[in-house]
Amino acid sequence: MPGVKRLGVAVDFSPCSIKALKWTVDNVVKEGDHLILVVVRHAENYEHGEMQLWETTGSPLIPLAEFSEPTFMKRYELKPEPEVIDIVSTAARQKNIVVLMKIYWGDAREKLCEAIDHVPLDYLTVGNRGLGPLQRVIMGSVSNYVVNNATCPVTVVKTSDHHH
């Protein structure tokens, strides 16, 4: 379909990523779009089974009907937050969109940029944990890295609680 956009949202099921998901659904998603939840798990989480096949490429694109089914998601050792399932199920119904999930294992900064090129995505929304300056230096900011290295437009949805 012409005009269909593939909109990614980085989701780690934290409050800031859920806020980014809600913001994207409310402000960016249009009828017919594809909303892709990009989940990046720590590398140590893919030690066994089928996941070794997807270490470099990430999982196949998982449709909403499957990732909202807890028994299916056990294969990925992932239990999506009910709130996330609720947000995307409602959006799928109300806005007539396709919702998919893609799971990667490794460094979130690198894997989010890979997702942009490999899914591929037309747009990505990421949350911001609101790290202080010292934490940002030590841990590195995922959102900062993605903004500076992504090959598509990126929106950072900031958390409202400021820690100074």
T24 backbone acceptor or donor facing N27 side chain under 3.5 Å: no

Less than 4.5 Å apart, side chain to side chain, heavy atoms only: is that true for Y76 and V39? no

So if I apply the side chain to side chain contact (heavy atoms under 4.5 Å, CB included) rule between L112 and each of V126, V154, N149, L121, which one comes out positive? V126

Identify the heavy atoms of V142 and R109 that sit nearest to each other, and give their distance. CA-CG, 3.6 Å

Ignoring hydrogens and angles, tell me if any N or O in the side chain of S59 forms a donor-acceptor pair with the backbone of I103 under 3.5 Å. yes

Would you say D33's side chain and L35's backbone share a donor-acceptor pair under 3.5 angstrom? no

State whether the number of non-hydrogen atoms from other residues, nucleotides or ligands found under 6.0 Å of K95 atom NZ is greater than 12. yes

N-O pairing of K74 and E69 below 4.0 Å: no

Shortest non-hydrogen contact from G127 to A20? N-CB, 3.8 Å

Any donor-acceptor pair under 3.5 Å from N96 side chain to E31 backbone: no

Within the distance-only criterion (no hydrogens, no angle test), does the side chain of S17 pair as donor or acceptor with the backbone N or O of S14 below 3.5 angstrom? yes

Nearest 0.5 Å, please: how far is CD1 in I18 from CZ in F13? 8.0 Å

